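Everything on this sheet refers to the single structure shown next.
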Amino acid sequence: MSFTGSLSRPVTSTTPSLHSRSYPRWTDDLPGLRKRLQDAWSDKTIHESFKSPAGIQVMPSHGQCGVSSAWLIETLAAAHVRDLSYCYGDVYSMDEPERIEIERHCWVEVMYGEDRLVVDLTGDQSEILRAHPVVSEWHDELQTVLRVNYRPKHRMTPLQLKYDPVRTRLAILKQLLEAKR
């Protein structure tokens, strides 16, 4: 994907993963998209319930997961990536399976047959993923390698997402991204 929001690479697979699965080429562009989003995040794009009191330091991605995932869904859908889901749920530790690492979190999943590719542009909100501001891994590999489990409570298709309240903040984010061009 380029900074214009379209794919700069084919959607076909490239680098093999731990279990001999390949990743779509567009995953190589995710760090650049995260940087672009981070430059546009503001108090107007953060989810209301995640706004921090003045003087409290939080990660720039804190509260930006919903709007970022909604933007990514639109971007991927426009590039003809199929089987997309906007996910809302929690991220758990595999070492302590009942410990929630990120509560009330949003991310994107892309289904490839039975495999779930988890794409999270704001995972660094949690200490366990601090070194991974961009997560783009097969779900089973996340459990094995990064020791986290993304558990969705709700999934929405791109069409269903068009009726979600995140749309208000998404419109603001899109304006800010356009102004940063």
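Bear in mind the structure is a predicted one, so any value in this text is a computation, not a measurement.
A salt bridge links R147 to D95: one of the charged nitrogens lies within less than 4.0 Å of a carboxylate oxygen. Of the charged side-chain nitrogens involved, none lies within less than 4.0 Å of a carboxylate oxygen, so that R99 and D90 do not count as a salt-bridged pair.
Across Q125 and G63, no two heavy atoms sit closer than the pair OE1-N, 3.4 Å. Listed here is the closest heavy atom pair of V134 and P31: CG2-CA, 4.0 Å. Of all the heavy atoms in R116 and R155, the pair that sits closest is NE-NH2, 3.7 Å. Taking every heavy atom of both residues into account, R169 and H47 meet most closely at NH1-N, 3.4 Å. In this structure, T122 and C106 approach most closely via the heavy-atom pair OG1-O, 4.4 Å.
Using modelled atom types, no side-chain atom of E96 and backbone atom of S93 make a donor-acceptor pair closer than 3.5 Å. R34 contributes a side-chain N or O that, together with a main-chain N or O of P133, makes up a donor-acceptor pair within less than 3.5 Å. In this structure a side-chain-to-backbone donor-acceptor pair under 3.5 Å is present from R130 to D124. Checking side-chain atoms of K180 against main-chain N and O of R36 turns up no donor-acceptor pair under 3.5 Å.
Note that the CG atom of L129 and the CD1 atom of I102 stand 5.5 Å from one another [nearest 0.5 Å]. Note: E101 CD to L146 CG = 11.5 Å, rounded to the nearest 0.5 Å. Here T168 contributes atom OG1 and L173 contributes atom CG; the two are 12.5 Å apart, rounded to the nearest 0.5 Å. Taking OG1 of T157 as the start and CG of D83 as the end, the distance is 11.0 Å to the nearest 0.5 Å. Taken from NE2 in H132 to CG in D120, the straight-line distance is 11.5 Å, to the nearest 0.5 Å. To the nearest 0.5 Å, the span separating CD1 on I73 from CD on E109 amounts to 9.5 Å.
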Trace of the side chain to side chain contact (heavy atoms under 4.5 Å, CB included) decision for W26 with T75:
CA-CA 11 Å; W26 53 261; T75 302; over 6 Å; no

Side chain to side chain contact (heavy atoms under 4.5 Å, CB included) between Y88 and R104, worked out
CA-CA 7 Å; Y88 169 80; R104 300 180 335 178; 3.2 Å; yes

Report the C-alpha separation of T144 and M94 in whole Å, then their side-chain angles, then the decisive distance to 0.1 Å, and conclude whether the side chain to side chain contact (heavy atoms under 4.5 Å, CB included) test is met.
CA-CA 8 Å; T144 305; M94 290 299 293; over 6 Å; no

Determine whether V110 and V81 satisfy the following criterion, side chain to side chain contact (heavy atoms under 4.5 Å, CB included), listing intermediate values before the conclusion.
CA-CA 8 Å; V110 186; V81 176; 4.0 Å; yes

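Cation-pi check for R151 over Y92 is met; the charged atom lies under 6.0 angstrom from the ring centroid and within 45 degrees of its normal.
Inspection of the W107 and S68 side chains reveals no N or O donor paired with an N or O acceptor under 3.5 Å. In the model, T45 has a side-chain atom that pairs as donor or acceptor with a side-chain atom of Q64 under 3.5 Å.
The side-chain heavy atoms of Y150 and C87, taken from C-beta on, include no pair separated by under 4.5 Å. The shortest distance between side-chain heavy atoms of N149 and V91 does not fall below 4.5 Å. For the pair D115 and H139, the minimum side-chain heavy-atom distance is 4.5 Å or more. The shortest side-chain heavy-atom distance between P24 and L117 falls under the 4.5 Å cut-off. Inter-residue side-chain proximity for L72 and L84 is flagged as unmet; no heavy-atom pair is nearer than 4.5 Å. Side chains of K174 and E74 form a contact here, defined as non-hydrogen atoms less than 4.5 Å apart. Residues Y23 and E137 form a side-chain contact, since some pair of their non-hydrogen atoms from C-beta on lies under 4.5 Å apart. With contacts defined as side-chain heavy-atom distances shorter than 4.5 Å, the pair R82/L76 does not qualify.
For Y112 and W138, the gap between ring centers is short of 6.0 Å.
When hydrophobic side chains of Ile, Leu, Val, Met, Phe, Trp and Tyr are connected at separations under 4.5 Å, I172 ends up clustered with L176.
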